[in-house]
Number of protein chains: 2
Amino acid sequence: MEAKNRVPVLSDVAKAAGVSVPTVSRVLTSSKYVAPELRERVMKAVNDLEYRPNSAARATRSGKRSMVAVLTGATSNYGYAKTIEGIELAARKAGLSVIIAVVESDSEPAVNAAIDLVLSQPVAGVIILEFDRPGLAAVKAFPSSVPMVVAGGGTRRSGSTPSALLDERSAGRDATEYLLSLGHKTVHHVAVPTMGKHSGRTQGWKSALTAAGAPVPPVLHATWEPASGYKLGLDLADQDDVTAIFCGNDDVAIGVISALLDRGRRVPEDVSVMGFDDQPHVALWRPSLTTVRQDFGDLGARAFQLLSAAVEGADGSSSSIVKPELVLRNSTAAAGSSAA
Amino acid sequence: MEAKNRVPVLSDVAKAAGVSVPTVSRVLTSSKYVAPELRERVMKAVNDLEYRPNSAARATRSGKRSMVAVLTGATSNYGYAKTIEGIELAARKAGLSVIIAVVESDSEPAVNAAIDLVLSQPVAGVIILEFDRPGLAAVKAFPSSVPMVVAGGGTRRSGSTPSALLDERSAGRDATEYLLSLGHKTVHHVAVPTMGKHSGRTQGWKSALTAAGAPVPPVLHATWEPASGYKLGLDLADQDDVTAIFCGNDDVAIGVISALLDRGRRVPEDVSVMGFDDQPHVALWRPSLTTVRQDFGDLGARAFQLLSAAVEGADGSSSSIVKPELVLRNSTAAAGSSAA
DNA sequence: CGATTTTGGGTAATCGTTTTCCCCTCTCCT
DNA sequence: AGGAGAGGGGAAAACGATTACCCAAAATCG
């Protein structure tokens with residue numbers, strides 16, 4: 001157990017096995033038939049020395065890349081983390097490593113810095129998480145020389161970029177229509193800092209309202225923190241005409257509900273509140289949260305699939321879009337159940 | 001805007017700038033003085049061509065690695081995600097990329113597969129998240145030829161491995177002592193699937209109980225899911241002697257509380273419940289959750305700092321340990337407040 | 001059984017960088 | 001003015017792998 005043992009390279013293995021360097025390479029990449037006896041010797045040497053191929057050198061010569069990169073505006077929020085998890089799982093199954101690069105903001109220097117960091121590595125392709133403005137900016141600025149796919153909540157896909165999507169627009173519309181169907185005159189909306197006007201959730205909400213001829217209240221903007229939902233919830237609680245609130249995500253919904261309750265408004269009797277994402281714990285809230293279930297893990301897996309295809313050279317810019325499903329629980333109720 | 005433009009290499013830049021290849025390299029790495037005029041020309045060519053150094057080739061020749069790897073048993077749970085976020089931020093500031101590798105289980109093939117995946121890339125060093133059994137197994141199996149540091153919740157650090165730690169043991173003890181100080185005869189414990197008997201939280205809990213001469217109830221084992229906490233909570237609700245419960249994390253605590261409430265036991269009047277982690281939303285629970293705040297982002301930053309030092313060759317296996325702080329809220333109360 | 005084809009494996013070239021040499025030129029000093 | 005010293009930059013080697021090329025031996029065929 002020498003402490004600072006030099007890490008073995010191909011020539012060490014070749015020497016140990018008594019063969020030439022290319023033969024070892026051929027055994028390891030199984031690129032050409034090698035006599036069983038030699039193969040045996042090589043494999044033994046590989047195991048004895050604990051040799052691991054240096055994929056940097058490999059990439060340099062062969063151009064075969066063994067890493068995919070994820071470019072994203074954030075990592076630890078629920079949706080981001082789950083999507084990254086899905087990507088990592090799919091990549092690992094395919095024998096690829098995953099490298100994470102965070103785009104600090106949507107400013108040009110930040111975007112370029114992240115892109116530089118990623119492209120300086122030998123990546124086979126890049127998945128950009130288009131959940132927020134930094135992600136959006138990264139998609140726009142990304143050079144066409146490297147295979148890229150988008151994963152996000154958008155609907156429209158202008159160019160020829162393959163995309164794995166969650167149909168947030170439809171989901172937002174469904175959610176809003178559901179609340180309207182309960183008899184609410186309109187639905188207020190607290191947005192999370194996603195892509196601004198381009199957020200599918202917000203778009204769907206607005207289109208449902210206008211389609212139903214309902215008034216469109218101004219959009220309230222929260223951060224990702226539940227506390228900011230709480231703050232906005234305090235304001236909403238004071239407005240008597242607010243009877244239904246569609247929130248940009250579960251954390252914010254929790255904040256809003258908490259504020260409403262603190263102000264003495266009952267949920268769902270006085271005000272119905274919906275979340276978005278269906279984090280595991282919101283089913284246990286009191287009231288349990290009506291929300292929209294998004295399968296982020298699947299999103300990540302689909303994105304990786306598309307990237308694999310793009311790397312293989314499939315030019316047919318296929319895309320996949322999945323519609324999240326409503327999960328009806330107890331934070332929503334018919335308008336006027338307050339009287340009952 | 002050619003679509004499939006070959007990505008430029010150093011010799012392209014050299015040609016465009018009318019200098020030799022090594023000169024370009026010297027400019028980019030600022031390894032040797034280059035005349036201002038030449039430097040100028042080179043930089044212009046670099047910008048014009050949008051050249052980005054190929055860090056695989058760079059690593060091959062110079063041995064300078066520009067990636068750190070994170071080896072972990074999971075990625076999307078709160079603590080994991082926040083720690084990874086902290087590592088990424090620190091690494092990005094230092095100009096390094098982060099590669100993530102998940103260790104599927106603590107079985108030997110899974111551990112080796114993850115280690116192989118990581119070590120085949122040109123990583124400067126590795127941070128292993130020792131929050132669970134796969135992480136623990138990875139630490140044990142990791143070869144000494146590559147700089148490595150451990151980040152986790154352990155206390156003991158046998159060998160000479162630098163470690164960034166959260167003192168879960170002390171925190172668990174503090175939490176338990178706090179509950180005992182409220183007059184509870186003993187404290188029940190619902191553990192999350194961390195390192196089994198080696199979990200600092202569980203160790204601290206047990207040591208506080210034995211130190212106080214209180215009976216040590218059997219440990220209940222939950223998964224990471226709130227639903228599993230709920231399940232165990234139903235059982236606990238039926239035992240009248242259960243008046244205080246220390247949970248392995250916030251999600252489980254929420255499940256337990258939910259079950260207690262569903263069974264008609266009041267929190268905190270009948271039963272006090274504590275969580276662990278202080279996720280942002282638990283402050284908004286009703287009752288708001290008493291818990292232990294862990295600064296995972298800081299943990300990640302500290303781990304990266306130690307790794308940097310280790311890579312630089314600092315052999316003094318320094319470690320850093322931070323004690324999480326109790327956050328007292330409303331899910332805990334004095335024993336017997338039920339009567340009041 | 002001799003000539004031609006296959007086959008397995010070694011030698012050398014290659015990938016995109018960095019680094020070592022070395023040479024040329026410019027400066028400075030006596 | 002001539003020689004020593006220093007500094008800047010180019011040519012070539014090196015890094016650790018893969019791949020092109022080639023040759024000897026075995027296999028196939030007439």
When only distance counts, do a donor and an acceptor, one from the side chain of R61(B) and one from the base of dT18(C), lie under 3.5 Å apart? yes
Please evaluate residues E37(B) and R41(B) with respect to the criterion salt bridge (Lys or Arg N to Asp or Glu O under 4.0 Å), reporting the C-alpha separation (whole Å), side-chain torsions for both, the decisive distance (0.1 Å), and the verdict. CA-CA 6 Å; E37(B) 193 223 351; R41(B) 294 221 305 268; 3.2 Å; yes
[N] [atom2] sits how many Å from [X] [atom1], rounded?
X      : N       : atom1 : atom2 : answer
R65(B) : dT17(C) : CZ    : P     : 17 Å
L28(B) : dT18(C) : CG    : P     : 7 Å
K15(B) : dG10(D) : NZ    : C1'   : 16 Å
N54(A) : dC15(C) : CG    : C1'   : 13 Å
R26(B) : dG7(D)  : CZ    : P     : 15 Å
Y33(B) : dT25(C) : OH    : P     : 19 Å
R39(A) : dG9(C)  : CZ    : C1'   : 13 Å
R58(A) : dC15(D) : CZ    : C1'   : 16 Å

Can a salt bridge be assigned to the pair R6(A) and D12(A) using a cut-off of 4.0 Å between side-chain N and carboxylate O? yes
What I want to find out is whether R92(A) reaches E88(A) closely enough, with some N-O distance under 4.0 Å, to be called a salt bridge. yes
Quick check for you: among [options], whose closest atom lies nearest to any side-chain atom of [X]?
X      : options                   : result
Y51(A) : dA17(D), dG9(D), dA11(D)  : dA17(D)
P22(B) : dT17(C), dA11(D), dT18(D) : dA11(D)
V9(A)  : dG16(D), dG9(D), dG16(C)  : dG16(D)

Assign [X] to base, sugar-phosphate, or nothing according to its heavy-atom contacts below 4.0 angstrom with the strands shown.
X      : result
T23(A) : sugar-phosphate
T29(B) : sugar-phosphate
V34(B) : sugar-phosphate
K32(B) : base
S62(B) : sugar-phosphate

Position toward the 5' end of DNA chain D (nearest nucleotide), L10(A) or A35(B): A35(B)
Do the side chains of V68(A) and F304(A) get nearer than 4.5 Å, heavy atoms only? yes
Would you say that M148(B) contacts V139(B) through its side chain, given a criterion of any heavy-atom pair below 4.5 Å between the two side chains? yes
Any side-chain N or O of S20(B) below 4.0 angstrom from OP1/OP2 of dG10(D)? yes
